[in-house]
Protein chains: 2
Amino acid sequence: MYGVEPGDIFLADCPARLAVEVIADKWAVVVLWGLNDHARRHSELIDLIGGISKKVLTQTLRRLQTNGLVTRTDHGGVPPRVEYELTALGRTLMGPIRMLTEWAEQNGDAVLAAQEAG
Amino acid sequence: MYGVEPGDIFLADCPARLAVEVIADKWAVVVLWGLNDHARRHSELIDLIGGISKKVLTQTLRRLQTNGLVTRTDHGGVPPRVEYELTALGRTLMGPIRMLTEWAEQNGDAVLAAQEAG
DNA sequence: CGGTATCCTATAGGATACTG
DNA sequence: CAGTATCCTATAGGATACCG
């Protein structure tokens, strides 16, 4: 009914739901974006992003790791040096994310206006 | 430092953060997707989506409304008839969302494999 | 430096029942 | 039909302190 077809986002086990699951938290997209150019260290991301705590950054990175989007490399030594980097899979996600951020740059004002009006 | 430039997602008030704010909940993208083709009624969305409660659907629709992405039209009468439809602004967001769902269709298996491995 | 550990609060979201 | 109302729980996420 309603013309639902195979592959539709509505099916509970549909892959499209998975995309939502992956990016639908407060920091995932921001962190991925921070890894766009090249590998970065934990403290680098903390400074770069701003407003995220160490705990939450670690949590977010772990989730991204679990989803196969980011690798964690411990170079050892003292002081510690750990680098996070996009996987090949993670890089494929940057295209859609870039679209989203471009949309936001172009339409952010309209959203804010709607928020203030409503 | 770290080559942060104006417009970067990292600035706290950057528009790109707004995109995350708009789509980063469990149901927003799914509901928008449900309105892709044409206006739909509340009960239609309930049946179509599956797994969402009336309360949560209403909440999600209200948020989308507040963000200027969806309109709510009460046609009155008994029984009630209320239709939700994408605004022009909402339609501009469907491009990026389509990219996301396409990414998920192509890469969903890889994410699942990573989840099971990790 | 790169984390844990601990504690806390707000809120998202689910279940169920009721209403105009 | 399209919601509210109510209650509930899990968890996301923030603050702070400590550790190897």
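Protein chains get the first letters and strands the later ones, always in sequence-line order, with residue 1 at the start of each. What you are looking at is a predicted structure, and each value in this text was computed from that prediction instead of being measured.
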Q) Whole-Å distance between D:dA15 C1' and A:Lys55 NZ? A) 9 Å
Q) Cluster question for you: counting only ILVMFWY and a side-chain heavy-atom cut-off of under 4.5 Å, with indirect links fine, are A:Val22 and B:Met99 together? A) no
Q.
Side chains of B:Glu85 and B:His38: any donor to acceptor distance under 3.5 Å?
A. no
(Q) Show the nearest heavy-atom pair for residues A:Tyr84 and A:Arg62, with the distance to one decimal. (A) OH-NH1, 3.6 Å
Q: Write down the distance between CG (B:Leu57) and C1' (C:dA12), rounded to a whole number of angstrom.
A: 15 Å
(Q) So, does B:Ser43 get its side chain near the phosphate of D:dA2, meaning an N or O under 4.0 Å from OP1 or OP2? (A) yes
Q. What integer distance in Å separates B:Leu64:CG from C:dA12:P?
A. 13 Å
Q | Length of the line joining B:Asp25:CG and D:dT11:P, which is rounded to integer Å | A | 18 Å
Q. Which of the following nucleotides, C:dG2, C:dA12, D:dG14, is nearest to the side chain of B:Arg63?
A. C:dA12
Q) Looking only at side-chain N and O atoms, does A:Tyr84 come under 4.0 Å of OP1 or OP2 in C:dC1? A) no
**Q.** Distance below 4.0 Å between A:Arg41 side-chain N/O and C:dG3 OP1 or OP2
**A.** no
Q.
Below the 4.0 Å mark, does C:dG2 have OP1 or OP2 next to a side-chain nitrogen or oxygen of A:Arg72?
A. no
Q: Among B:Thr92, B:Leu93, B:Leu86, find the one that has a side chain to side chain contact (heavy atoms under 4.5 Å, CB included) with B:Leu89.
A: B:Thr92
(Q) Both A:Pro80 and A:Val56 contact DNA chain D. Which one's nearest nucleotide lies toward the 5' end? (A) A:Val56
Q) With a non-hydrogen cut-off below 4.0 angstrom, is A:Pro79 in contact with a base, only sugar-phosphate, or nothing? A) sugar-phosphate
Q: Report the distance from atom CG of A:Leu45 to atom C1' of C:dC1, rounded to the nearest whole Å.
A: 13 Å
Q) Within the structure, does a side-chain N or O atom of B:Lys26 lie under 4.0 Å from either OP1 or OP2 of C:dG14? A) yes
Q.
So, OP1 or OP2 of D:dA2: does either fall under 4.0 Å of a side-chain N or O from B:Arg62?
A. no
Q | Nearest to side-chain heavy atoms of A:Lys54, which nucleotide of C:dA15, C:dG3, C:dC18 | A | C:dG3
Q) Which atom pair, heavy atoms only, marks the closest approach of A:His42 to A:Lys54? A) NE2-O, 3.8 Å
Q. Could you state the CZ-C1' distance from B:Arg40 to D:dG3, rounded to the nearest angstrom?
A. 20 Å
